[in-house]
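Below: the structure, in structure tokens.
Counting starts at 1 for both ligands and their atoms, following the listed order. All residue numbers in this chain count up from 1 along the given sequence.
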Amino acid sequence: MYIQENVKLADLTTFGTGGIARYFVNIETQADLLEALDFAKTKNIQSFIIAGGSNIVFSDNDYDGMIIRINLKGLELVGQMLHAAAGEEWDDVVQFAVDNNLWGMENLSSIPGLTGSVAVQNVGAYGQEAANIIDTVTVYDRQTGEIKDVAKSDCSFSYRSSIFNSTERGHYIILKIIFKLSTTPAPRIDYPEVIKYFSTKQITDPSLQQIRDAIVAIRAVKFSQTTDGKAGSFFKNLYLSPAEYNKMLEIIQAKKPELVTELEVIKNKFPTHDGHIKIPTAWVIDKVCNLKGKKIGSAQISETQALAILNINHQAKSADVKTLIDLVVSSVYEYTGKKPDVEPELVGF
Ligand SMILES: Cc1cc2nc3c(=O)[nH]c(=O)nc-3n(C[C@H](O)[C@H](O)[C@H](O)COP(=O)(O)OP(=O)(O)OC[C@H]3O[C@@H](n4cnc5c(N)ncnc54)[C@H](O)[C@@H]3O)c2cc1C
């Protein structure tokens with residue numbers, strides 16, 4: 001194991017901001033991990049876990065601690081249970097499942113990052129989410145030093161959330177995930193972009209591989225247009241109780257009456273199972289707040305996807321990114337009465 005010193009944080013994430021980390025280590029075995037944690041303890045410094053760095057925004061301040069990148073490898077099929085080490089490239093795991101005719105993760109193709117992270121924010125796309133296929137998460141408990149299995153039922157998965165990014169944030173280091181997949185076809189091809197893809201290609205009964213190909217192709221068009229720094233969606237959608245929705249409606253009636261009809265249509269567009277009302281934050285940022293394309297320094301709300309903030313030419317100052325995030329949060333609050341949650345982990349702000 002090689003502990004590097006004075007490493008640029010900007011090079012460790014897809015967003016590309018950050019100062020200098022005092023120490024950085026790449027973990028390839030469980031023994032490496034114990035050694036690295038021991039090193040940090042002996043030096044009495046903090047440590048922070050990263051993987052692919054696609055959902056983290058570092059501040060430009062230096063990090064006087066140790067960045068630990070989990071790069072554990074291993075992929076094994078036991079019947080229809082897929083055991084994947086936390087450091088496996090996520091998209092390789094999806095391809096492996098598809099190659100073995102196992103359904104359940106194909107719509108999560110092309111999500112950047114490593115496998116352990118999919119449990120952290122319960123990744124989701126095109127109607128599938130990690131929670132539907134995770135059976136068990138094997139973790140290292142930083143408080144007790146034990147390695148243990150956390151059953152899916154104890155992970156409290158919900159929309160972009162789990163114990164790993166909420167109640168137990170920083171408590172566990174994920175080592176492995178066991179996924180429960182199925183050989184029974186269960187195509188989920190009802191998203192508008194997916195329907196359009198297959199109708200253009202005149203495919204009516206797509207195979208598992210064809211569904212994966214569709215998602216890869218759709219995402220390639222959507223995400224690869226720029227070389228600017230990105231970290232996916234910066235804001236979670238609004239999940240409103242009926243009372244909260246009525247409050248939002250009142251505000252819109254008073255401040256943006258021309259949008260009331262559109263809001264009432266959107267209200268019924270995304271059915272939920274618990275009576276909540278899902279309002280896309282992208283719509284609020286774009287149509288209600290008029291912030292699409294808004295730029296502060298070299299930080300910009302994407303012209304094409306209002307949920308994304310871009311680090312233009314990798315020149316953005318993290319302070320400008322934070323100002324832009326705060327502007328969106330306060331503006332969305334002004335028009336809806338609800339602050340949107342920020343999706344990437346902000347470190348050192
Ligand atoms: C272009 C783009 C598109 C994206 N599209 C989607 C999408 O469609 N759906 C979606 O849900 N997300 C999406 N994302 C967000 C991101 O890809 C996912 O959240 C992904 O799972 C992050 O993986 P990572 O390995 O890069 O994690 P990192 O960014 O390295 O880490 C994310 C968080 O997980 C923690 N973490 C990582 N590994 C471990 C571990 N082994 N143990 C404990 N904690 C750990 C980190 O501390 C951090 O809090 C997108 C991002 C980008 C840049």
- Message: So if I apply the ring pair (Phe, Tyr, Trp, His ring centres under 6.0 Å) rule between Phe179 and each of Phe96, Trp103, Trp90, which one comes out positive?
- Response: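 Of the listed residues Phe96, Trp103, Trp90, the ring pair (Phe, Tyr, Trp, His ring centres under 6.0 Å) partner of Phe179 is Trp90.
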
Salt bridge between [X] and [Y], side-chain N to carboxylate O under 4.0 Å?
{"X": "Asp320", "Y": "Lys322", "result": "no"}
{"X": "Lys73", "Y": "Asp92", "result": "no"}
{"X": "Arg212", "Y": "Glu106", "result": "no"}

- Message: I want to know whether Phe58 and Phe15 have ring centres closer than 6.0 Å.
- Response: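 No: the rings miss the under 6.0 Å criterion.
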
Report all N/O contacts between ligand 1 and the protein shorter than 3.5 Å as a table of atom names and distances to 0.1 Å; if there are none, say 'none'.
{"from": "ligand 1", "atom 1": "5 (N)", "to": "Arg219", "atom 2": "NH2", "distance (Å)": "2.8"}
{"from": "ligand 1", "atom 1": "8 (O)", "to": "Arg219", "atom 2": "NH1", "distance (Å)": "2.9"}
{"from": "ligand 1", "atom 1": "8 (O)", "to": "Arg219", "atom 2": "NH2", "distance (Å)": "3.3"}
{"from": "ligand 1", "atom 1": "9 (N)", "to": "Gly124", "atom 2": "O", "distance (Å)": "2.8"}
{"from": "ligand 1", "atom 1": "11 (O)", "to": "Gln121", "atom 2": "NE2", "distance (Å)": "3.2"}
{"from": "ligand 1", "atom 1": "11 (O)", "to": "Gly124", "atom 2": "N", "distance (Å)": "3.1"}
{"from": "ligand 1", "atom 1": "11 (O)", "to": "Arg160", "atom 2": "NE", "distance (Å)": "3.4"}
{"from": "ligand 1", "atom 1": "12 (N)", "to": "Gln121", "atom 2": "NE2", "distance (Å)": "3.2"}
{"from": "ligand 1", "atom 1": "17 (O)", "to": "Ser54", "atom 2": "OG", "distance (Å)": "3.0"}
{"from": "ligand 1", "atom 1": "17 (O)", "to": "Pro112", "atom 2": "O", "distance (Å)": "2.9"}
{"from": "ligand 1", "atom 1": "19 (O)", "to": "Asn55", "atom 2": "ND2", "distance (Å)": "3.2"}
{"from": "ligand 1", "atom 1": "19 (O)", "to": "Gln121", "atom 2": "NE2", "distance (Å)": "2.8"}
{"from": "ligand 1", "atom 1": "23 (O)", "to": "Ser117", "atom 2": "OG", "distance (Å)": "3.3"}
{"from": "ligand 1", "atom 1": "25 (O)", "to": "Gly52", "atom 2": "N", "distance (Å)": "2.8"}
{"from": "ligand 1", "atom 1": "25 (O)", "to": "Leu114", "atom 2": "N", "distance (Å)": "2.8"}
{"from": "ligand 1", "atom 1": "25 (O)", "to": "Ser117", "atom 2": "OG", "distance (Å)": "2.7"}
{"from": "ligand 1", "atom 1": "26 (O)", "to": "Gly52", "atom 2": "N", "distance (Å)": "3.4"}
{"from": "ligand 1", "atom 1": "26 (O)", "to": "Gly53", "atom 2": "N", "distance (Å)": "3.0"}
{"from": "ligand 1", "atom 1": "26 (O)", "to": "Ser54", "atom 2": "N", "distance (Å)": "2.8"}
{"from": "ligand 1", "atom 1": "26 (O)", "to": "Ser54", "atom 2": "OG", "distance (Å)": "2.6"}
{"from": "ligand 1", "atom 1": "27 (O)", "to": "Ser117", "atom 2": "OG", "distance (Å)": "3.0"}
{"from": "ligand 1", "atom 1": "29 (O)", "to": "Ser54", "atom 2": "N", "distance (Å)": "3.0"}
{"from": "ligand 1", "atom 1": "29 (O)", "to": "Asn55", "atom 2": "N", "distance (Å)": "2.7"}
{"from": "ligand 1", "atom 1": "30 (O)", "to": "Ala51", "atom 2": "N", "distance (Å)": "2.7"}
{"from": "ligand 1", "atom 1": "30 (O)", "to": "Gly52", "atom 2": "N", "distance (Å)": "3.3"}
{"from": "ligand 1", "atom 1": "30 (O)", "to": "Gly53", "atom 2": "N", "distance (Å)": "2.7"}
{"from": "ligand 1", "atom 1": "41 (N)", "to": "Ile174", "atom 2": "O", "distance (Å)": "3.0"}
{"from": "ligand 1", "atom 1": "42 (N)", "to": "Ile174", "atom 2": "N", "distance (Å)": "2.8"}
{"from": "ligand 1", "atom 1": "47 (O)", "to": "Ile49", "atom 2": "O", "distance (Å)": "2.7"}
{"from": "ligand 1", "atom 1": "49 (O)", "to": "Glu345", "atom 2": "OE1", "distance (Å)": "2.3"}

- Enclosure of Lys180 NZ (heavy-atom neighbours >12, cutoff 6.0 Å):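 12 or below, so no.
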
